[in-house]
**Student:** 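Below is one structure. I have some questions about it.
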Amino acid sequence: MIRNNQARPTPEGQLEHRYDGIAKVTGKAKYAAEFTEPFPKKDLVYAYIVHSTIPSGSIASIDQKEAERAFGVIAILTPFNVPKLTSAKPHNLSILQDTDVHYNGQPIAVVLASSLPFARQAARMLTIKYNQQPAKLNFMGRLDEARPPKQGGREQPGTQRGDLAASMAKATVTVDETYITPLQNHNPMEPHATIAWWEGEELNVYDGTQYISGVKMSLARILNLPLENVHVQCPYTGGGFGSKGTAWSHVTLAAMAAKVVQKPVKLVLERNQMFGPVGTRPTTVNKIKIGADASGKIVGIQHDAIMNTSVMDDFVEHSAGTSRMLYNSEANATTEKMVEMNLGMGTYMRAPGEATGTAVLEIAMDELAHKLKMDPVQLRLVNYAETDPSRNRPFSSKHLRECYTQAAENFGWSKRNAEPGQKTEGNKQIGYGMATATYPANRSAASAIVRILPNGRVFAGSGTQDIGTGMYTIMAQTAAAALGLDPTLVDVKLGDSALPKAPVSGGSQSTASVLPAVDAAARQAKLKLFQLAMQDTHSPLYNAKDTDIETKDGHIFLKSNPSTGESFTALLTRNGAAPIEAEGSAEPGPDKNSMTTQSFGAVFAEVAVDKDTHMVQVRRVVGTYDIGTLMNNKTGLNQLMGGIVWGVGFALHEEAVIDPVYGRTVNGNFADYHVPVNADIGDIDVSVLNIPDTKFNPLGSRGIGEIGITGAAAAVANAIYNATGKRVRNYPMTPDKIMQA
Amino acid sequence: MNPFAYQRVEAPDAALQAIAIHNAKFLGGGTNLVDLMKDGVESPSTLIDINHIGLNKVLVNANGATIGALVRNSDLANDPAIVAHYPLLSHALLSGASPQLRNMATTGGNLMQRTRCFYFMDTAFPACNKRVPGSGCAAIQGFNRIHAILGQTDEGATSAHTCIATNPSDMNVALAALDAKVEIQSAKGKRTLPLADFHRLPGTTPEVDTNLHPDELIVAVTLPPAKFAKNSWYLKVRDRQSYAFALVSVAAGLEMDGDTIRSAGLALGGVAHKPWRSPEAEHALAGKPATRETFQRAAELAVAGAKPYEHNAFKVELAKQSIVRALTQASKGAQA
């Protein structure tokens, strides 16, 4: 087991520090908005997006005469003057192809000027007139309008297993409550940013993204360009959390603007502009009914979720998904329905479905445990799913039981008083809570390139992204491990669409997708190195068999006699000093659909709730996770901790509030959209079982970007109940809600 | 940001001369004004930078305290004499903003801090009487969780008078409880306003936050001799542990005679357009034993007449609980 709070040496083969750590802390790491080349810096034109201030209707007119005369203004793009695209306009983007307004905050114009302040100032001089239409707002008041989600025009049904009514009739204890999670916005530290410039018919962009290939495909499709004419670079991404998995309107607008002004255009969203146009996590209202017999065995789970969606297109936050598979139940039924609103699009946000799903289901489980007078951990063990109940197939590897045991032990769960409201310290009420964490292990096809260089270093490249997660670090480690090198000798390049293609850095899949490709490329390169030596009459390995050769520490040698060999450098130098290069790719095996690949964890929290102010301090969170092999202690445990911090924010702070009249986010800034600050976070102790899942991929590693947020919110919520005896079922659990519960 | 002129002055007299420029404003730490300028809420023609005119000393003696208008919030909060004699003020300051903001923010600037009403801060909302006089009040029918329950003007969403904004300052709440005075200078001379009369209720002119005239300069805040050094408490209830404005805050100071309260200072933050000092509650505390019953009665009086809205009804009860708690803590000693 690996734990973050234990002093320990760096394991063999792991980089002790983040590959890109020094570049980041010294400011050398350049993010998309920071580039001032290869174009002349003085040519850079600054774009500022103008957003709608009504929620529904159309733009009647835009008077731009005054703005055009403002100092520094170069051009103003509006739906009335923008070049029309010949391709079909994606219906979830706002790229000025019509005058429709679908939400308050929608991009409706772009001002281009020689500096950002000039562009902003001119934007204020536009006189925009609208034809307003009644808007679909007030989500909670319109739940009866909910309809099934549409995919490809077809309505998606719910799921059913067993005879729910018959099974529920056998229940001796039932929980039947409604749980709400609010609208949330991703808010990565780096705002969305694009620099676009054209060289003839070739389009180049720097873009802060989780998916360079996706940006490339989007731009080619929307602008009707051959795919090979679009080049996307993103060496660093300052967080994305799902909001940068899609090329939103601003990316296309930057490219369109660059074409109009024939200059490089920089477009950076302001914090306030990120509440709407770049995706949100929908509000979910979850009616959950769980029935159990006297022994705690669950006989039925019913989960009916209603969420908001945009009038532009559906996005489903699968908050009911977790309820289908986390525990055994004789019968199970779920539905997910949508209420249309004049809001920006919903999208993937860290653990889409599982973050909300565990946040609500795991409170219901706590309520059930309390009614049964059963320990919450014991209730989960009684209903432990050895196989995936939703798809009736085995898990590739599941060790959740060990997670419960170890996290409970690390936390000191045995000291919990099952009766709520009993433990006090001065004015504080102290409570313990726990929940299960889970997230699927995803994997897609990926490619990579590896070069062994004559100077003794190795290059590893892949068109993937490092969104702050540590991809640089673990790519270096993987190439080094395959070649028998110290990982500090590997140079990594990613975030360039010229490199072999890799999937979106989303769905916690990059580790499991890209590393096997890097491994395959490195093994190919190694084989080529063997062949070079075997065919080189001057090599000590001339005529040796490849199965008899091995590499270590930059040397190639006979396994049987390591002194017979030479350095990579000597071999390559003698052979024309050309690098050895190989590409590799990897994809999920054919048995992929015969099993469920899923990560699990157990998370425990201690809170102190002030009895008068009702403010909650999360003193401790302890989590133990079954995530396969941990590739790097520092970057891996850091992601799990970051996920828990977000879970605390989910529980206590985060909510985007939409004005009921104007449909605009009222708290779209960091002073009013609360996320945890340092003072909100106590001790966090994360550990992993480190049991390889080699049925999933040869490295045995499952992605860990998202599981940390799952379960954490409910653990805090359940701890609040244990502290106060007050059950809050509506996130975030702010002092007023706790006082009024 | 609108184009504006910048003028740096080196002395209070020069500042008072410069402020005669139409629509000029003084620039202190800039932590509020500059943000509002960037967002188009404020658009002064000229910024008169007064950071170099002195007025940056704290003087504490037997007659009380004199705090220069340009003393930074951090310096004031950590001034040993303030910590020793007016711990209520120190704690209030330290519960506000972040260290970086407190390092810049000034005493005078904090007095002038504008509301955080969402509808005032975002120019995309068309209705805000404080920002655009006569435009109405979007908060009445909007999300009014952070808004006023006491002293507001509510004549409906479309009235030019309606305003339910709150004063967001923590410092002002402590100053109200401490019976501070604001020393003001203009080209015509000096005058002094009690803190209670410095900030305004919205009345029929919600666009006017204070009784400071546009051509006047705050030169100092003065405090009477310390009465509450041994028994005071600043309690701030907020949505997270730091860097959040108060849902409700309480500044409580007690002058104790054994177990009996000789006199009290009590003010609330987050509930009104100005720091809400309650003379009725203070009167009800004077001469009474320091018991829970006494505090509860004071709490009832302090929020008497409260009129909450859809999203801030909790403030009435939360304010009462917080008052009782702050008074209880104050009766036991000074905040550490």
Side-chain angles (χ1 to χ4, degrees), chain A residues 50-54 70-71 104-105 116-118 120-121 123-125 270 272 275 427 610-618 648-649 652-655 657-662 664-682 732-740, chain B residues 1-3 35 37-40 43 97-98 101 116-119 121-127 136 138-146 157 168 235-250 310-326 328-329:
Chain A
V50 181
H51 293 264
S52 67
T53 56
I54 64 157
F71 191 83
N104 193 325
L116 181 61
F118 295 153
R120 283 180 110 224
Q121 180 58 17
R124 293 219 178 95
M125 297 176 182
E270 295 182 343
N272 178 253
F275 289 80
N427 293 308
D610 190 289
K611 69 178 177 55
D612 296 315
T613 68
H614 314 283
M615 287 174 68
V616 179
Q617 177 85 54
V618 178
V648 170
L652 301 181
H653 307 129
E654 267 198 78
E655 176 174 21
V657 179
I658 303 298
D659 181 79
V661 176
Y662 298 99
R664 188 174 177 83
T665 310
V666 296
N667 59 341
N669 63 75
F670 268 161
D672 298 313
Y673 183 91
H674 292 157
V675 297
V677 296
N678 201 37
D680 290 301
I681 301 301
M733 299 183 184
T734 46
D736 48 324
K737 289 184 190 161
I738 295 171
M739 182 183 84
Q740 292 169 322
Chain B
M1 197 181 294
N2 277 300
D35 281 357
M37 288 168 66
K38 285 182 182 169
D39 288 337
S43 47
S98 66
L101 289 165
R116 305 296 299 196
C117 173
F118 312 117
Y119 303 94
M121 300 280 288
D122 185 348
T123 57
F125 287 110
I140 290 278
Q141 292 170 347
F143 182 60
N144 41 41
R145 179 170 180 263
I146 66 168
L235 180 68
K236 182 174 182 179
V237 187
R238 48 182 153 179
D239 285 328
R240 60 182 168 192
Q241 299 288 333
S242 180
Y243 198 59
F245 291 93
L247 295 168
V248 167
S249 70
V250 183
E310 182 181 358
H311 304 108
N312 71 359
F314 70 91
K315 281 191 177 183
V316 182
E317 179 59 26
L318 186 61
K320 285 196 272 186
Q321 293 186 12
S322 300
I323 291 167
V324 173
R325 170 68 169 276
T328 305
Q329 299 279 170

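Note that these values count all heavy atoms, side chains included, but never hydrogens, waters or copies made by symmetry. Chain naming here is simple, since letters A, B, ... match the order of the sequence lines and numbering starts at 1 in each.
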**Student:** So what's closer than 4.5 Å to chain B heavy atoms on A:D610: side chain, backbone, both or neither?
**Tutor:** side chain
**Student:** If you count heavy-atom pairs under 4.5 Å with chain A, which of B:F125, B:Y119, B:F245 comes out on top?
**Tutor:** B:F125
**Student:** Against chain B, label A:H51 side chain, backbone, both or neither, depending on which of its atoms sit under 4.5 Å from a heavy atom there.
**Tutor:** neither
**Student:** Tell me, for B:D122 versus chain A, whether the close heavy atoms (under 4.5 Å) come from the side chain, the backbone, both or neither.
**Tutor:** side chain
**Student:** With only heavy atoms counted, which part of A:H653 is less than 4.5 Å from chain B, the side chain, the backbone, both or neither?
**Tutor:** side chain
**Student:** Using a 4.5 Å cut-off on heavy atoms from C-beta on, say whether the side chain of B:S249 contacts that of B:R238.
**Tutor:** no
**Student:** What is the minimum heavy-atom distance between A:Y662 and B:A127, and which atoms define it?
**Tutor:** OH-CB, 3.9 Å
**Student:** Just wondering, do A:H614 and A:Q740 contact through their side chains at under 4.5 Å, heavy atoms?
**Tutor:** no
**Student:** What residue among A:N667, A:D672, A:T665 forms side chain to side chain donor-acceptor pair (under 3.5 Å) with A:N669?
**Tutor:** A:D672
**Student:** What part of A:V666 gets closer than 4.5 Å to chain B, counting heavy atoms only: side chain, backbone, both or neither?
**Tutor:** both
**Student:** Hey, could you give me the CZ/CG distance between B:F314 and B:L247, rounded to the nearest 0.5 Å?
**Tutor:** 4.5 Å
**Student:** Could you tell me which of A:V677, A:I658, A:N678 has the largest number of non-hydrogen atom pairs under 4.5 Å with chain B?
**Tutor:** A:V677
**Student:** Under a 4.5 Å heavy-atom cutoff, which of B:S98, B:A138, B:S322, B:A124 has the most pairs with chain A?
**Tutor:** B:A124
**Student:** Side chain from CB out, backbone as N, CA, C, O: work out which of these in B:D39 comes under 4.5 Å of a heavy atom of chain A, or both, or neither.
**Tutor:** both
**Student:** Which one wins on heavy-atom pair count under 4.5 Å against chain B: A:N272, A:V657, A:T53?
**Tutor:** A:V657
**Student:** Considering residues, nucleotides and ligands other than A:F670, do more than 12 of their heavy atoms fall under 6.0 Å from its CZ?
**Tutor:** yes
**Student:** Quick one: which of A:K611, A:K737, A:Q617, A:E270 has the most heavy-atom pairs under 4.5 Å with chain B, could you say?
**Tutor:** A:Q617
**Student:** Would a distance-only check, ignoring hydrogens and angles, find a side-chain to backbone donor-acceptor pair under 3.5 Å from B:K236 to B:A244?
**Tutor:** yes
**Student:** Classify the ring geometry of B:F118 against B:F143: parallel below 30°, tilted from 30° to 60°, perpendicular beyond 60°.
**Tutor:** parallel
**Student:** For the residue pair A:D680 and A:L652, establish whether any side-chain heavy-atom pair is separated by less than 4.5 Å.
**Tutor:** no
**Student:** Of the backbone (N, CA, C, O) and the side chain (C-beta and beyond), which part of B:I146 lies under 4.5 Å from a heavy atom of chain A, both, or neither?
**Tutor:** neither
**Student:** With a 4.5 angstrom heavy-atom cut-off, could you sort out which part of B:Q329 is near chain A: side chain, backbone, both or neither?
**Tutor:** side chain
**Student:** Quick one: what part of A:V616 sits under 4.5 Å from any heavy atom of chain B, side chain, backbone, both or neither?
**Tutor:** backbone
